[in-house]
Amino acid sequence: MQAEAKVRIGLEVHCQLTALRTKLFCACSSDYRSSEPNEKVCPVCFGLPGTLPVLNAKAVEYAAMIALALDCSVAGRSLFYRKNYFYPDLPKGFQISQYDKAGGVPLASSGHLEVEGKAVRITRIQLEEDPGKLTYEGTIDRSSHSLVDYNRAGIALVEIVTEPDLEDARGAKMFLEKLRSLIESLGVSDGELDGAMRCDANISLAGGARVEVKNISSFKEVEKALNYEILRQRTFSGAASSETRHWDERRSITIAMRSKEEEQDYRYFPEPDLPPILLGAAAVDGVRRSMPEVADSKAARFAREYGLSPQLARELAANKALSAFFEECARLHTGYQEMAGLSVSELSAEDVTGERAVAPADYVELVKMVESDAITRAQAKEALREATRTGRPAREVVRSKNLSAVADEGAIAAVIERVAAARPGSLEEAARDKKAFSFFVGQVLKEEPKAQPAIVARLLASRLRAKKT
Amino acid sequence: MDPLSVKARQVPSLVAGGSLSAEEYVASILERVERLDGRIHAYLQVDREGALARARDVDKRARRGERVGRLAGLGVAVKDNVCVASLQATCASRVLEGFFPPYTATAVERVQREDGIVIGKTNMDEFGMGNSTLNSGYGPTLNPWDASRVPGGSSGGSAAAVAAGMASVAIGSDTGGSIRCPASFCSVVGLKPTYGRVSRYGLIAYANSLEQIGPMGGDPEAVSALFYAMAGHDPRDATTSREPPRGRGGAGLEGLRVGRVREFFGEGADPRVRERVLDGCSRLEGMGAHVEDVSLGSLPHSLAVYYIIAMAEASSNLSRYDGVRYGLPSEKGTADWNSAYARTRSAGFGEEVKRRILMGTFVLSAGYYEAYYVRAQKVREIISREFSLAFKGFDLLVGPTMPVLPPRVGDEPTPLEEYLIDINTVAANLAGLPAASVPCGYEGNLPVGMQLIAPRFREDVLLDAAVALVGEGGAPRPAEAP
C-alpha cells in the first residue's frame, strides 16, 4: 500500500453575532429563535421596494473584535458588495456581503489562530447578512411545497475563511472549538445557540481537486463529514473532481451538488446604498481597548504574572468566570499555584458566580489551611463541595465537620506498615516502580484520608531507603 | 373656483390666513383632473377622499389660528415610484400590481408634515426606464401642450399634471434626466438635487447611485418651497448628507459666471432648440450674468457610462420582483421555484425593463465586469473631476436640457435613438451634481427647456436663476389644457 496522500482542509465559518440586539441593516430584533415564522421582519429585512439598509455600527465593532482576536489586519476602508442570485430565502434577490475580488476589500485579512502549537492562517473576515430559512414538510425530495421564514433574514453574520492549513478532521474540529471559545470569550456570540455557528469545508488530497462540502450544521458534524469525504476521495483516488457537495446529516454521506463549471456567477458589485466602512487607526484602538481579554493572552499573562505552569494557566484562562475569581483571590493572597490548581480541579463557573457562590476571602482562608498542612487537599475539596452545595462558608464546613490533617508521623508510619502487611511484596514493587509507589501512597490515603499525601510520600520513601540498607 | 387663478407660491399664506379654503382649492384641482385626465392620463391613481380630508384638516387648523405648514393647501402629484402609505405603488409596472407599501417615503412624509396634500400617484416609464412615459404598463401619458407628443419621462405624469394644472407642484425622480426631460417637454421647472440631498427612503430603486427625488412645477417659488421641505439628512438613508441645505440668497444674476457648455450644443442637437437656448443665454446676460463658452471633453462618454452603471444596478435592484412576497402573484400550481420566477417576471416586466435587466446582467458577468462596469466607474470619476475643475471658473453651466423637441407619440424610435436624447442630462447624475430644467422658449407651441448645472449642494443658485428666468408670472400654460 502506498503512502497516504496528504490532506489539506480549509474552513469557511459563519458566525452569527448573537450578542447584537438588532439585525445588521434594520432595527428588527435578532432574537428570532423562539418566534413564530415571519414575526421578526420589517420592510427593510423583508426587502420591500423603496427601503434602504442602514448599517448596525455595533456589528462592525464586534466583527473588528473577532478580527483583532485572530491577529488580522483591519482594513481602514472596506466595502459592502452585492452577491446576486435567485433563491426564495433571499428577499432582495441579492445578499449584502463583502468581497475580496473585483476591487472589493473585506473588513479584515491575514490573521491566524494557534491550535496545538500550530498556526492556522486566517485568509479574511467579512460581515454579511444571513438569508431566511426554507422548511419542508417531511423531506426535501418528498415535500409538495416549501415554506419560507424571513425571521433570520438580515441577521448579522461574520464569515471567517481559513487557508487550507488543517490536516485532518480532528484538527478541524479542534480549530472550530477553539474559535468558538475565543468568540464566546469576546462576548459577541453564543456559539451554543442552534445555527449560530455553521461551517463549510474544502478538502483536497495531494494532487487531487478541491471539493467543497456545504450544509454542515454543527461542529460535531464537521468531523463526521470530513472523515467521510477524506475516505471517499481516498477510495476513489484520482476521481475527485472540482465540485460542491452537500452533507446529508441523516445518511452521513456527501452528495454531489454541482461541478465547478456549473458554479454560479454572483455578479458581485459594490452596494450603492451603503457608504464604505471606515475603521481608522483610532477606531481600531478603541475597539482593542474595549475588548475583553481573550483566553490565549490571558493564559500568557497568568503564567507571567503569577508563575502558573503553562498547562494550569491555559485551563484557568479558558474559563472566564474562574479567571475573574482567581484574580480576585490573587489580590488577597499570594499562594497562586494552590489557588489556581484547586479552583480548576474543583470549581465550576456556577460555583463562583451562582447563588451559592464561594466568596474569595473564604476560599483564600481554605487555601491557607492547605498550605499550612492544617487540612489535606482532599479535605479542602470535600469542604468546597459541601460549601457549594449548601452555600455555607467553606471554613465553617471545615469546623463543623471537624476536618483536620493527621500531622502525627508515627500514626502515618503505622498505617504504612499495615498496608505493607496486607499486601506482601507491595513495598518491593514501590521501590522499583514509580507507579507502584503512587499506588501505595493511594492505599495509605484510603486507610487514613486525613493524612497529608506529601507526608505519606516522604515517610514511605524513607521507609524504602531503610529497607534497602 | 379656478385653481389657476392663484399662484402656487401664494397658496400656503392664503390658506394660513384663512382667505383661501384648502378644501375648495384642492376640490378645484380634483375637478380639473376629472375633466382633463381622461385625455392626458397623468395619474395612475387619484386619492380624492384622502386629499379632501387632509385639506379640511388644514382649514380647521387655520380657522383655529393654529400653525399650518409651509406647503399648506398645495396639491402635490407624486410619481408612482415614490411610496405613500396606503396608496398602491406600481412604478407603472404590472409586476407590482397590488403592492400597497406600508410606509411613506421620507420626502413625502416631510411634505405632508408641511401640510402639502397628495393628490395622487402619477404615470411614468416603467421603473423609470425611458424618456417618454410611453413605457408604462398602464398606457402612455400625453403632452398637455400637444397631445400628439410625448410629455417626456420618466416623470412624465408628474410634469403633465403640473403643466395641465392638475396639481400645484409635483414630486418626480431623476436617474438620468427623468425630472428634467419631462420638465423641458412640458415647460415646467424641474430640479434634480445633489446626490444625498433628499432622502431616497421610499423611492423604489432603479439605479441607486444615480437617482434623487426632486420637485417640479410651473411656479419656481413653489418648486423651491417643495425642495426645501424635502431636503436634509435622513437616518433611514445612509447616503444622505449631514450638511444642512443652503438657503437661497434671493439675489439676482448680477455677476454670475455662466459657462455655455459646447458639448451640450453638439451636432445631434436640433438647431431650433439650440436657437431658443442661446436666446435664453442672452437673457441671462441681459440680467447681468457673464456668459462664456466652456468645453468638457469627457462629456461625450457620459451616455455609455450612464447606461452601463444604470443597467447594472437595475439588474440587481429588480431581482426582488419574483412574485413570492408581494406584487404580481405567480400562478399556483406545481413548478420549481425557478420556473415560477421566470413566469412572474416574463409576465410582469415590459420590454424595455427586460432589455435593461439583460444588459445589466451582461455587464456584471464574470469576464465582462472589468471591461464594462469597472471601466465605466473610472470614466465616471474623470467626468466628476472635469466638472469640479469647470466649477473653479463658473457658478453655473448651461445648455439645452433635451437636444430635441418633444417627439411624436407614434415615432417609435429604436432603443438606441431613444437613449441618445439623454445625452445632456446623464452627466449631472454621474457626477452627483444638482441640475434643473427651466422653460426658455417655444418653437411653435412646443416648449424648449434650458438645463442649469451647479456645484454640489448649490441648489440655491439653481433656484435663484430659475426664479429670475421664469419671472413673476410663472411658466406659461398650454392652450390645450385651459
Side-chain angles (χ1 to χ4, degrees), chain A residues 25-27 38 41-57 80-96 99 101-104 132 134 141 143-150 153 263-277, chain B residues 81-83 89 91 96 99 101-106 127 196 199-205 207-211 234-240 309 312-313 315-322 324-327 334 337-338 340-342 345 360-370 373-374 377:
Chain A
F25 298 120
C26 63
N38 297 309
V41 294
C42 73
V44 175
C45 58
F46 204 61
L48 289 188
T51 60
L52 297 170
V54 176
L55 179 60
N56 182 335
F80 282 108
Y81 267 55
R82 286 187 184 180
K83 181 181 183 178
N84 294 286
Y85 62 100
F86 287 106
Y87 207 70
D89 67 5
L90 212 53
K92 299 187 292 296
F94 57 82
Q95 179 194 28
I96 303 179
Y99 197 45
K101 296 184 205 54
L134 291 183
D141 38 350
S143 180
S144 70
H145 58 273
S146 48
L147 296 167
V148 58
D149 175 7
Y150 294 105
E263 285 293 314
Q264 292 203 42
D265 179 355
Y266 291 119
R267 292 173 284 122
Y268 281 98
F269 75 101
E271 167 58 81
D273 289 331
L274 288 165
I277 302 175
Chain B
N81 60 352
V82 180
C83 292
C91 296
L96 269 172
F99 173 63
Y103 42 84
T104 296
T106 302
F127 285 106
S199 168
R200 288 182 297 115
Y201 188 84
L203 168 65
I204 299 179
N208 331 46
S209 77
L210 299 162
E211 60 208 8
D234 177 12
R236 291 187 291 186
D237 176 358
T239 63
T240 49
I309 292 170
E313 291 180 11
S315 72
S316 171
N317 288 328
L318 271 56
S319 295
R320 70 187 69 195
Y321 306 113
D322 53 24
V324 173
R325 292 162 302 276
Y326 49 80
T334 50
W337 55 266
N338 239 332
Y341 280 24
R345 293 166 68 79
T361 303
F362 172 77
V363 300
L364 288 178
S365 300
Y368 299 100
Y369 180 79
E370 293 285 329
Y373 185 83
V374 172
Q377 292 291 8

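Model, not experiment: these values are computed from the prediction. Residue numbers begin at 1 in each chain, while the letters A, B, ... track the order of the sequences.
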Q: Apply salt bridge (Lys or Arg N to Asp or Glu O under 4.0 Å) to B:R320 and list each qualifying residue two or more places apart in sequence or on a separate chain.
A: none

Q: Quick one: list whatever passes salt bridge (Lys or Arg N to Asp or Glu O under 4.0 Å) with B:R200, sequence neighbours left out.
A: A:D273, B:D237

Contact part of [X] toward chain A, heavy-atom cut-off under 4.5 Å: side chain, backbone, both or neither?
{"X": "B:Y103", "answer": "side chain"}
{"X": "B:N81", "answer": "neither"}
{"X": "B:A105", "answer": "neither"}
{"X": "B:Y368", "answer": "neither"}

Give, as side chain, backbone, both or neither, the part of [X] having an atom under 4.5 angstrom from any heavy atom of chain B.
{"X": "A:F269", "value": "both"}
{"X": "A:L90", "value": "backbone"}
{"X": "A:Y268", "value": "backbone"}

Q: Under 4.5 Å, counting heavy-atom pairs only, tell me which of A:P88, A:G93, A:P275, A:P270 racks up the most with chain B.
A: A:P88

(Q) Looking only at heavy atoms and a cut-off of under 4.5 Å, which of A:P91, A:S146, A:P43 has the most pairs with chain B? (A) A:P91

Taking the side chain as C-beta and beyond, is there a heavy-atom pair between [X] and [Y] under 4.5 Å?
{"X": "B:F127", "Y": "A:P49", "answer": "no"}
{"X": "A:L48", "Y": "B:P102", "answer": "yes"}
{"X": "A:R267", "Y": "B:Y369", "answer": "no"}

Q: Among B:T361, B:L318, B:V374, B:L210, single out the residue with the greatest number of heavy-atom pairs under 4.5 Å to chain A.
A: B:T361

Q.
At a heavy-atom distance under 4.5 Å, which candidate from B:E370, B:R325, B:E313, B:Q377 has the highest pair count against chain A?
A. B:R325

Q. Judged by atom type as modelled, is there a donor-acceptor pair below 3.5 Å linking the side chain of A:R82 to the main-chain atoms of B:S316?
A. no

Q: May I ask you to decide if B:S365's main-chain N or O and A:D265's side chain share a donor-acceptor pair within less than 3.5 Å?
A: no

Q: Over all heavy atoms of both residues, which pair between B:T239 and A:P272 is shortest? Give the atoms and the distance, please.
A: CG2-O, 3.7 Å

